[in-house]
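Following: one structure in structure tokens, then a few remarks.
Below, chain A is the first sequence line, B the second, and so on; all start at residue 1. This one's a predicted model, so the numbers in the text were calculated from it and none came from an experiment.
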Amino acid sequence: MEERYNPHKIELKWQERWEENKIFKTKIEKDKPKFYELEMFPYPSGKIHMGHVRNYSIGDVIARYKRMKGYNVMHPMGFDAFGMPAENAAIEHNLHPETWTRENITTMTKQLKRMGFSYDWDDVVITSDPEYYRWEQKLFIEMLKKNMVYRKKAEVNYCPNCQTVLANEQVIDGRCWRCGGEVTKKEIDEWFFRITDYAEQLLKDMEQIRGGWPERVLIQQRNWIGKSVGAKVKFKVFGKNEVLEVFTTRPDTLFGATFMCIAPDHPLLKKLVKGSSYEERVRRFTEKFLKTKDIKEKEGVFTGIYAENPVNGEKIPLYAANFVLLEYGTGIIMSVPAHDQRDFEFAKKYNLPLKVVIYKEGVIPKDGKLMEAYEGEGILINSGQFNDLPSEQGKWEITKWLQEKGLAEKTVNYALRDWNVSRQRYWGAPIPVVYCKRCGIVPVKEEDLPVKLPEDAPLTGEGGSPLKRVESFVKTRCPKCGGEAERETDTFDTFVESSWYFLRYVSPHEKDKAFDKEKAKYWMPVDQYVGGIEHAIMHLLYARYFTKVLRDLKYIDIDEPFKRLLTQGMVIKDGAKMSKSKGNIVDPDYIVEKYGADTSRLFILFAAPPEKDLDWSDKGVEGSYRFLNRVWRIVYRYKDVCKSKGRVAELKEEKSRRLHYLTHFTIKHVTEDIEKRYHFNTAIARLMELTNAIYEYNYEGKEEDKVAIGEAIRTLVMLLSVFAPHIAEEMWEGIGEKPFVSDQCWPEYDEKALVKETIKMAVTVNGKVRDEIEVEKDATEEKIRELALNSTRIQKYIQGKELKKVVVVKHRLVNMVVR
RNA sequence: GCCGAAGUGGCGGAAUUGGUAGACGCGCUAGAUUCAGGAUCUAGUGGAGGUUUUUCUCCGUACGGGUUCGAGUCCCGUCUUCGGCACCA
């Protein structure tokens with residue numbers, strides 16, 4: 001151990017030693033409890049940013065802590081390597097996506113290694129590797145065979161100028177990002193996963209993870225799934241052999257339906273108005289609607305169609321209306337303007353009648369003239385034989401009644417849509433099917449997997465899907481009949497890769513299957529997952545869904561992949577998210593070069609608790625650096641004292657007892673801060689306090705001093721090692737201990753050391769602190785009360801006043817109530 | 001509009017189940033050390049006021065009420081900021 005703290009030298013030294021000794025190697029050890037610590041793997045966009053540093057620093061504390069706690073830890077890392085930016089780089093800089101991606105992975109791996117994170121670098125998973133995505137392809141084929149996937153038409157953004165499909169983020173204000181031309185919609189056949197089949201399970205299984213996940217993430221997912229219970233009701237069309245089916249959550253208001261609305265882009269609409277005098281008007285309305293999908297005001301047009309309200313036979317008009325969603329429910333609604341605000345607004349605009357069917361005292365005016373819709377519960381009126389029923393009960397009575405007549409059906413509806421996984425892109429995993437003129441859609445044979453991406457696709461950003469233009473790829477033989485056939489040229493949404501990568505980690509070199517079943521059984525589920533809140537819905541929902549699919553395909557036998565989830569906040573600078581456009585980016589390389597990895601990690605952990613946004617502060621970083629230097633100097637000063645390992649039966653002096661107490665107090669609190677709440681900022685604050693106490697210690701070279709100081713320093717170094725591991729290793733060696741501190745057992749605190757002989761208690765008068773008294777630890781209430789009352793300072797406040805009450809809270813305070 | 005999170009010193013942030021508000025760090029002030037600067041060490045640091053020695057008083061956790069011996073913490077209402085969804089029938 002040198003006198004001066006030299007972060008670079010020691011960090012590289014210990015990184016090498018960890019690597020040489022393979023101390024973070026993943027292995028199965030049955031005699032220890034397992035712990036699977038996972039952080040969201042990065043997209044290899046170029047270099048790591050502070051968000052990554054934060055994410056992985058948090059994860060590393062947990063992994064290192066659990067390891068020291070005696071768990072067998074798996075802590076893997078990989079790269080989510082497919083995606084659009086690689087393709088864009090290819091278009092802009094004429095660099096192959098593969099090359100670009102590989103280079104970025106190399107750079108980022110180097111950066112992550114330089115941070116000293118405890119990953120097993122032999123077990124990296126890269127999703128663009130055919131040895132990874134082949135299993136995804138196989139899984140897709142299994143899902144296809146089980147009818148878990150299907151093909152249907154879907155609307156995509158299309159640039160007629162570039163003749164290519166655009167992703168949402170490539171459409172800027174309705175124009176193409178490349179050529180600026182107007183973007184149109186186009187319908188093409190795409191692949192969908194039937195995630196809606198799992199909607200109920202995704203909802204129900206939240207119970208299994210409640211408590212381990214942030215409640216707000218579960219709420220977001222619940223809203224996203226958007227379950228609503230109601231009924232499908234059939235309305236017959238007058239004069240036509242057609243039925244309009246609607247979904248409603250309020251069958252109790254059926255008697256109040258005075259009109260109906262249909263989505264302008266509903267296929268049935270065209271058919272209904274065909275040949276009528278309304279056809280032209282409706283067509284124009286639909287056209288206008290398709291152009292401007294963002295609706296400012298409710299608009300509609302009468303279709304000339306009337307339908308029969310099944311509950312009372314009333315003839316009610318059908319409007320095409322811009323606020324009706326084609327994708328939700330049936331795309332047709334019944335409108336009850338008296339009890340639905342949207343319908344109310346529409347009715348007002350087009351002068352349509354209102355009919356009140358739910359009565360509530362004090363809310364519904366006697367004359368029935370409403371200023372707004374009443375959406376609450378009440379008593380049914382104007383509802384035939386259902387009058388006087390409470391609305392909640394009426395809901396199901398009316399549904400039942402209609403159901404018996406075959407006109408309604410109790411239904412559960414979800415806002416969640418099936419997952420469209422087709423992308424008209426090159427840099428993704430090819431969807432492994434073949435189109436044969438004779439046999440239709442045929443999956444690729446398992447022995448022919450992986451369907452590898454051809455290397456030489458033309459990447460220009462125009463002319464459609466790049467794979468379509470690679471003849472050698474497209475032209476193939478039908479796996480079934482052997483005849484001429486064409487390959488699917490779409491690739492998977494990259495969320496597919498990230499939906500199961502955590503399973504590949506259990507056996508990343510597996511040659512014969514996606515992952516080893518036994519190992520998965522051992523490691524899964526992930527005990528702690530750490531990542532950004534921005535993935536609250538998509539990634540986390542898809543990963544949950546995949547886990548259930550894999551379970552149903554007998555790959556695994558768990559329902560949920562992530563037992564606990566920690567969502568970390570953003571890294572902010574000057575009040576805004578770090579971004580190129582704002583010019584407020586802090587480069588991790590620069591910080592590591594200037595202060596070292598330990599300082600970077602320590603600052604980022606100290607500045608805020610993980611789930612909160614973190615304000616970057618250059619001054620704060622210096623503070624962390626100063627702290628590490630301070631620790632270094634004090635350890636250096638006492639390094640030989642630590643080596644001597646003195647022993648005394650009992651600490652007698654006040655100062656050494658105090659330090660002994662603080663040492664164990666620190667262990668307790670640091671452990672709890674990490675274990676219970678992941679509040680590393682307060683844990684680090686405790687370490688600073690212990691450090692300050694060691695500085696303040698009046699060292700005189702007595703045996704007792706040596707014991708107290710030695711214990712304090714060894715403890716400090718061990719506790720610090722999960723936050724700043726390199727400096728801790730170097731100091732550990734410096735005080736004569738055997739490497740590695742990373743392999744040490746986490747210190748346990750001694751309950752006895754935490755017992756204080758006397759306790760300081762506050763004395764308050766009417767809630768205001770007036771004095772402090774010191775009492776024996778097991779003093780009785782009477783004794784405490786007496787002590788407090790005898791205080792001269794307290795006397796001052798209670799003299800001449802009526803003492804109404806004395807509240808004694810043991811070990812905390814005494815409150816006097818006077819008047 | 002709906003759902004969610006958060007409002008505490010000059011700043012980042014502490015404060016177990018209601019029990020001494022402001023831990024720890026940054027910044028600032030003063031002193032020691034130094035030729036000097038930096039670094040380091042020591043002390044102080046919520047605001048206002050009275051003493052002008054050590055002490056004392058009042059006000060303070062977005063705002064207004066309430067419960068309680070006691071509220072940053074619990075309840076009711078209001079405001080502001082941020083995030084998500086956005087006509088989901």
Could you check if a side-chain atom of A:E299 sits within less than 4.5 angstrom of a side-chain atom of A:F285, using non-hydrogen atoms only?
->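 SC-SC contact between A:E299 and A:F285 confirmed.
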With a 4.5 Å limit on heavy-atom distance, are the side chains of A:E622 and A:Y595 in contact?
->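 Contact flag for A:E622/A:Y595 side chains = yes.
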Per-nt protein contacts along nucleotides 84-89 of chain B (heavy atom under 4.0 Å; B base, S backbone sugar-phosphate only, - none) come out as S--BBB
Per the glycosidic torsion and the 90° limit around 0, nucleotide B:rG9 is syn
Regarding [X] and [Y], do their side chains bring together a donor and an acceptor under 3.5 Å, going by distance alone?
X      : Y      : answer
A:T758 : A:E776 : no
A:S228 : A:N413 : no
A:E2   : A:Y636 : no

Are A:K349 and A:E345 close enough for a salt bridge, meaning some N to O gap below 4.0 Å?
-> no
May I ask you to say what [X] touches in the nucleic acid, namely base, sugar-phosphate or nothing, with a heavy-atom cut-off under 4.0 Å?
X      : answer
A:N629 : nothing
A:R677 : sugar-phosphate
A:K768 : sugar-phosphate

Between B:rC69, B:rC3, B:rA14, which nucleotide has the shortest distance from any of its atoms to the side chain of A:I219?
->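 Selected nucleotide (nearest to the side chain): B:rC3.
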Nearest-nucleotide comparison on RNA chain B, the residue closer to the 5′ end among A:V817 and A:V809 |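 It is A:V809, whose closest nucleotide lies nearer the 5' terminus.
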Give the rounded distance in Å between these two atoms: [atom1] of [X] and [atom2] of [N].
X      : N      : atom1 : atom2 : value
A:L218 : B:rA5  : CG    : P     : 12 Å
A:Y697 : B:rU42 : OH    : C1'   : 20 Å
A:I225 : B:rC3  : CD1   : P     : 19 Å
A:D613 : B:rG12 : CG    : P     : 12 Å
A:Y625 : B:rA39 : OH    : P     : 12 Å
A:K810 : B:rG18 : NZ    : P     : 20 Å
A:R4   : B:rU40 : CZ    : P     : 11 Å
A:H679 : B:rU16 : NE2   : C1'   : 12 Å

Check: A:W616 ring centroid to A:F603 ring centroid under 6.0 Å =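 Here the rings of A:F603 and A:W616 have centres that are less than 6.0 Å from each other.
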Separation of the [atom1] atoms in [N] and [M], to the nearest angstrom:
N      : M      : atom1 : value
B:rA48 : B:rG12 : C1'   : 26 Å
B:rU81 : B:rG72 : P     : 26 Å
B:rU42 : B:rU80 : C1'   : 43 Å
B:rU61 : B:rA71 : P     : 11 Å
B:rC79 : B:rC63 : P     : 15 Å
B:rC41 : B:rG49 : P     : 34 Å
B:rG44 : B:rG66 : C1'   : 40 Å
B:rU8  : B:rA62 : C1'   : 10 Å

Within 45° cone and under 6.0 Å: A:R601 NZ/CZ vs A:F723 ring = no
Axial cation check for A:F247 ring with A:K232, 6.0 Å and 45° limits =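 No - A:K232 does not lie over the ring of A:F247 by the 6.0 Å and 45° rule.
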Just do the salt bridge (charged side-chain N to carboxylate O under 4.0 Å, His left out) check on A:R677 and A:E611 with the steps written out, would you?
-> CA-CA 10 Å; A:R677 311 184 299 168; A:E611 67 276 9; over 6 Å; no
Protein N or O to nucleotides 20-28 of chain B N or O, pairs below 3.5 Å:
| unit_1 | atom_1 | unit_2 | atom_2 | d |
| --- | --- | --- | --- | --- |
| B:rU20 | N3 | A:E772 | OE2 | 3.1 |
| B:rA23 | O2' | A:E689 | OE2 | 2.7 |
| B:rG25 | OP1 | A:N692 | ND2 | 3.3 |
| B:rC26 | OP1 | A:R626 | NH1 | 2.7 |
| B:rG27 | OP2 | A:R626 | NH1 | 3.4 |

Which class fits the ring pair A:F302 and A:Y319: parallel under 30°, tilted 30 to 60°, perpendicular over 60°?
->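 Geometry flag for A:Y319 against A:F302: tilted rings.
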Could you label the plane-to-plane angle of the A:Y350 and A:F346 rings as parallel, tilted or perpendicular, counting under 30° as parallel and over 60° as perpendicular?
-> tilted
Please determine if a side-chain N or O atom of A:R637 lies less than 4.0 Å away from the OP1 or OP2 oxygen of B:rU40.
-> no
Pairing of RNA chain B as dot-bracket, 5' to 3': ( ) intra-strand, [ ] crossing, | other strand, . unpaired, with Watson-Crick or G-U pairs under 3.5 Å?
-> (((((((..(((......[....)))((((((.......))))))((((......))))..(((((..]....))))))))))))....
Do A:R630 and A:N692 pass the side chain to side chain donor-acceptor pair (under 3.5 Å) test, and can you show the C-alpha distance, the side-chain angles, and the key distance before you say yes or no?
-> CA-CA 9 Å; A:R630 231 169 111 74; A:N692 292 344; 2.7 Å; yes
